[in-house]
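In what follows, a structure is listed as structure tokens, so that the remarks can point back to it.
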Amino acid sequence: MHELSIVEALIEQVETEVDRAGARGPVARLKLSIGRLSGVNADAVRFAFQLLAPSTRLAGAALEIDEPKAVCVCAACGARTEIEELVLSCPACQAGKITIDGGREMLLETIDVDEFDR
Amino acid sequence: MKIVAAQKILKANDQLAEENRRRFSAAGVFGVNIVGSPGCGKTTLLEALIGRFGDALAPAVIEGDIAGSIDAERIDALGVPVVQINTDGACHLDAQMVNAAAGSLELGQLGLLLIENVGNLVCPAGFDLGEHRRIVLLSVPEGDDKIAKYPAIFRGSHALAITKIDLLPHFDFSVDRVVADMRRLAPAARVFQLSAKTGGGVAEIGDWLQAEAAAR
């Protein structure tokens with residue numbers, strides 16, 4: 001359950017960014033991008049956020065998580081297949097000579113802060 | 001107000017890991033993160049490496065465990081500097097813990113810093129500690145399907161050590177399958193076959209570590 005410590009770090013990171021921007025209100029919305037191959041489960045992040053956010057200035061914030069897929073590129077048949085989990089061979093031709101593009105990102109994209117106390 | 005952050009989650013960990021790496025490099029210390037399941041033989045590998053290469057490599061050990069100091073006591077018995085980190089339930093080490101632990105070591109007198117992570121094939125994958133190389137262990141009794149089932153930790157590793165290789169006759173474990181799976185995830189990674197019973201493979205992995213450290 002490393003999502004718990006990841007969300008802990010995320011909350012600190014958001015607070016730092018909000019302070020740096022000089023925003024005063026509560027955080028209304030967070031947008032994250034968590035790739036399918038990042039090794040981090042988006043549902044577990046949502047669950048950890050529910051547990052940890054209430055005692056912070058992120059209390060009540062909406063959490064939006066984009067989960068980009070990765071692409072398996074096959075050197076044998078040339079297929080480019082979108083994948084939701086890591087594969088060891090090309091889903092199209094089963095050849096093993098593949099490269100995997102993307103899907104590993106774990107990004108804090110945007111933070112919306114309310115202008116006034118809600 | 002909308003703040004466009006567009007930054008990595010765990011940025012703080014990554015930055016501290018970079019700082020650890022710079023600090024180790026500046027002191028001439030080669031950092032190795034050792035990961036694998038509970039009971040796969042991480043501490044046993046450390047003991048074997050220290051026994052065989054202790055004089056040449058000037059090692060120290062950081063032991064990461066959820067609780068207790070059983071592993072640290074095993075290392076301490078070998079006369080090597082050791083720091084125990086108790087994570088109090090956390091399932092992995094992070095750069096902050098390693099930073100604090102390294103503070104109590106005389107880095108200038110060391111050549112090799114072996115960091116034994118918490119036994120876990122999942123969570124340590126996401127946390128850079130500031131190491132130069134990561135070795136992942138997979139023991140024969142765990143089964144030959146583990147690379148396919150826990151790809152993230154294998155994908156980011158520089159070497160795979162298949163441990164308890166002397167148990168091969170008792171398990172349906174295909175070394176070929178494991179090697180093939182590892183090749184696909186981490187083509188540049190070295191694969192070693194180890195046995196604590198016979199001592200087989202320890203020389204090879206120790207030589208590799210020495211060469212990697214010397215190349216820096």
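Computed from heavy atoms alone, side chains included, the values below leave out hydrogens, waters and symmetry copies. In what follows, chains are A, B, ... by sequence order, proteins preceding strands, each numbered from 1.
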Could you walk me through whether D181(B) and F154(B) satisfy the side chain to side chain contact (heavy atoms under 4.5 Å, CB included) test, starting with their C-alpha distance in whole Å, then the side-chain angles of each, then the deciding distance to 0.1 Å, before giving a yes or no? CA-CA 9 Å; D181(B) 284 356; F154(B) 291 93; over 6 Å; no

L167(B) and F173(B): side chain to side chain contact (heavy atoms under 4.5 Å, CB included), yes or no, with the steps? CA-CA 9 Å; L167(B) 292 178; F173(B) 183 102; over 6 Å; no

From [atom1] ([X]) to [atom2] ([Y]), nearest 0.5 Å:
X	Y	atom1	atom2	value
D71(B)	D76(B)	CG	CG	12.5 Å
L63(A)	L58(A)	CG	CG	9.5 Å
L121(B)	C40(B)	CG	SG	7.5 Å
L160(B)	F192(B)	CG	CZ	9.5 Å
L108(A)	L32(A)	CG	CG	6.5 Å
I75(B)	L46(B)	CD1	CG	5.0 Å

Given that the side chain runs from C-beta out, which part of R155(B) has a heavy atom under 4.5 Å from chain A: side chain, backbone, both or neither? side chain

Which residues, numbered in order, of residues 129-151 of chain B come under 4.5 angstrom of chain A by heavy-atom distance? A148(B), P151(B)

Contact listing (chain A partner; residues 4-34 of chain B; heavy atom under 4.5 Å):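 Against chain A, the residues of residues 4-34 of chain B that fall inside the cut-off (heavy atoms, under 4.5 Å) are V4(B), A5(B), A6(B), Q7(B), K8(B), I9(B), L10(B), K11(B).
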
Proximity of residues 10-18 of chain A to chain B, residues having a non-hydrogen atom under 4.5 angstrom: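 From residues 10-18 of chain A, the residues near chain B are L10(A), Q13(A), E17(A), V18(A).
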
Within residues 65-91 of chain A, contacts to chain B at heavy-atom distances under 4.5 Å involve L86(A), L88(A), S89(A)

Side chain to side chain contact (heavy atoms under 4.5 Å, CB included) assessment of D65(B) paired with Q84(B): CA-CA 8 Å; D65(B) 284 293; Q84(B) 175 77 51; 3.1 Å; yes

I'd like to know if the side chain of [X] and the backbone of [Y] have a donor-acceptor N/O pair within less than 3.5 Å.
X	Y	result
E47(B)	L45(B)	no
D114(A)	A28(A)	no
N86(B)	G68(B)	yes
S69(B)	A72(B)	no
N120(B)	C91(B)	yes
K42(B)	S37(B)	yes

So which of R46(A), R36(A), E3(A) actually passes side chain to side chain contact (heavy atoms under 4.5 Å, CB included) with N41(A)?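 When side chain to side chain contact (heavy atoms under 4.5 Å, CB included) is applied between N41(A) and each of R46(A), R36(A), E3(A), only E3(A) qualifies.
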
Under 4.5 Å to a heavy atom of chain B? For R29(A) that would be neither

Need one label for I100(A): side chain, backbone, both or neither, based on atoms under 4.5 Å from any heavy atom in chain B. both

Checking V27(A) against D112(A) for the side chain to side chain contact (heavy atoms under 4.5 Å, CB included) test, could you report, in this order, the C-alpha distance in whole Å, the side-chain angles of both residues, the deciding distance, and whether it holds? CA-CA 6 Å; V27(A) 175; D112(A) 289 1; over 6 Å; no

NZ/NE/NH1/NH2 to OD/OE distance under 4.0 Å, D19(A) and R57(A): yes

